[in-house]
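Quick caveat, the model's predicted, so the values are computed rather than measured.
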Amino acid sequence: MDHKLTGWGSGFLGVLIFSGSLPATRVAVTDFAPLFLTSARAVIAAVLGLLCLLALRQSRPDQRDLMPLGIVALGVVIGFPLLTALALQSITAARSIVFIGLLPLATAIFGVIRGGERPKAAFWVFSLLGAATVSGFAFMQSEAGASKGDLLMLAAIVVCGLGYAEGATLSRRLGGWQVISWALLIALPVMAALSLLTWPATFSTISAPGWISLGYVALFSMMLGFVFWYRGLALGGISQVGQLQLLQPFFGLLLAALLLREPIAWQMVACTAITVLCVAGAKRFA
């Protein structure tokens, strides 16, 4: 019971940290190019992860863990940060957060695929209803259908769900913070090279909010959030603690309104609420 309570508390902290990721990214892309932002945040977090691994004398992962760690790296270190940064160049943080309502569903689906489970038919009904809700919102809110930013967010949700599912499974064997640390190190050579190739001509024009946002997505979104999140999944259970992701869209919308002064349309709140209910139903029958 104590482990489960600790897992829920740790998972809740992880969700709170992740809720600030898209608003912070929205601020950061006004000063940094998406490719540099993605690579720089990964390099900073990888250095921190390396220091933690060395200080605590962690052994190297087994050969069998390299492929899953590579999937985690592609999903949450490279794919999701880059795709969301590109999306937030053309859509608001509030709009992007609506799509986050599908993240628990994507995680559950990849968990089903990876685990070879056979969910009930109701699972797929709720899954399709949730996807249709978000897709319908995207099309109705854009004059010419779903925008490029919307499509990028959908792609980001897919790769992040895959990374979450792989990381949650690995965290039981390797430990939560170890999983993200090793994934960051696997991606480090590519991210370091990309960072150098996209290095800004000058930093004199970077605003204080831009630097703060880069620091947040690097230290909190890319590292500390995963420490709490994967630990929560390992202690409290993937399916149980995973339910906390349902709170993330609401926290994200609140932060977008309070920190960025972005308007929150009632359609956004309604779409998010319907999506969350669909995800809860899908996970109930998974």
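Counting Ile, Leu, Val, Met, Phe, Trp and Tyr side chains that sit under 4.5 Å apart, directly or through other members, Leu254 shares a hydrophobic cluster with Leu258.
Taking CD1 from Ile97 and OG from Ser19, the interatomic distance works out to 8.0 Å, rounded to the nearest 0.5 Å. The line from CD1 of Ile44 to CE of Met191 is 13.0 Å long, rounded to the nearest 0.5 Å. With values rounded to the nearest 0.5 angstrom, Arg95 atom CZ is found 12.5 Å from Leu253 atom CG. Rounded to the nearest 0.5 angstrom, Arg231 CZ and Thr6 OG1 are separated by 6.0 Å. From Cys52, atom SG reaches atom CZ of Arg57 across 15.0 Å, with rounding to the nearest 0.5 Å.
Residues Ser195 and Val43 come closest through the heavy atom pair CB-CG2, 4.5 Å. The two residues Pro61 and Trp182 make their nearest non-hydrogen contact at CD-CE2, 3.5 Å. Of all non-hydrogen atoms in Ala155 and Leu83, the two that sit nearest each other are C-CD1, 3.7 Å. Closest approach of Leu255 to Pro23, counting heavy atoms only: CB-CG, 4.2 Å.
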Problem - Full working for side-chain contact (heavy atoms from CB on, under 4.5 Å) between Leu37 and Val217 - result: CA-CA 9 Å; Leu37 176 64; Val217 296; 4.2 Å; yes
Problem - Full working for side-chain contact (heavy atoms from CB on, under 4.5 Å) between Leu185 and Leu188 - result: CA-CA 5 Å; Leu185 286 181; Leu188 181 58; 4.2 Å; yes
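Under a hydrophobic clustering in which Ile, Leu, Val, Met, Phe, Trp and Tyr are joined whenever their side-chain heavy atoms come within less than 4.5 Å, directly or via other members, Phe251 and Leu259 fall into different clusters. Tracing side-chain contacts under 4.5 Å through hydrophobic residues (I, L, V, M, F, W, Y), one reaches Ile180 starting from Leu54; they form part of the same cluster. Residues Phe32 and Ile212 do not share a hydrophobic cluster, clusters being chains of Ile/Leu/Val/Met/Phe/Trp/Tyr side chains in contact below 4.5 Å. Using a 4.5 Å cut-off between side-chain heavy atoms of Ile, Leu, Val, Met, Phe, Trp and Tyr, with links allowed through other members, Leu13 and Leu22 fall into the same hydrophobic cluster. Connection of Ile100 to Ile274 is not established within any shared hydrophobic cluster, with ILVMFWY side chains joined at heavy-atom distances below 4.5 Å, either directly or through further cluster members.
With sequence neighbours excluded, the residues that form a ring-ring contact (aromatic ring centres under 6.0 Å, His included) with Phe220 are Tyr216. Listed by chain and number, the residues in a side chain to side chain contact (heavy atoms under 4.5 Å, CB included) with Ser181 are Leu53, Trp177, Met223 (sequence neighbours excluded). Annotation: side chain to side chain contact (heavy atoms under 4.5 Å, CB included) contacts of Leu35 (sequence neighbours excluded): Leu82, Leu194, Thr198.
Under the 3.5 Å distance criterion, the side-chain polar atoms of Thr38 are matched with a main-chain donor or acceptor of Pro34. A donor-acceptor pair under 3.5 Å links the side-chain atoms of Ser96 to the main chain of Ala93, judged by distance alone. At least one donor-acceptor pair under 3.5 Å links the side chain of Gln58 to the backbone N or O of Leu56. Between the Ser221 side chain and the Phe18 main chain, no donor and acceptor come within less than 3.5 Å of each other. With hydrogens and angles disregarded, a donor-acceptor distance shorter than 3.5 Å links the side chain of Thr30 to the backbone of Val27.
Around CH2 of Trp199, the count of heavy atoms belonging to other residues, nucleotides or ligands within 6.0 Å does not exceed 12.
Side-chain contact between Phe99 and Asp150 is present, with heavy atoms from C-beta onward closer than 4.5 Å. The shortest distance between side-chain heavy atoms of Val158 and Phe110 falls below 4.5 Å. Residues Phe12 and Trp229 are not in side-chain contact: their nearest non-hydrogen atoms beyond the backbone lie 4.5 Å or more apart. Residues Leu224 and Leu219 have side chains not in contact (no heavy-atom distance under 4.5 Å, counting atoms from C-beta outward). Between Thr25 and Arg41 there is a side-chain heavy-atom pair separated by less than 4.5 Å.
Each of Met153, Lys148, Arg26 was evaluated against Ile91; a single residue qualifies, Met153, per the side chain to side chain contact (heavy atoms under 4.5 Å, CB included) test.
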Can you give me every donor-acceptor pair (side chain of residues 200-209, partner residue at least two apart or in another chain, under 3.5 Å) with its distance?
residue	atom	partner	partner atom	Å
Thr202	OG1	Ser204	N	3.1
Thr202	OG1	Ser204	OG	2.8
Ser207	OG	Asp31	OD2	2.5
Ser207	OG	Gly210	N	3.2

Check: residues 62-80 side-chain donor-acceptor pairs under 3.5 Å, at least two apart:
residue	atom	partner	partner atom	Å
Asp65	OD1	Arg173	NE	3.3
Asp65	OD1	Arg173	NH2	2.5
Asp65	OD2	Asp62	N	3.4

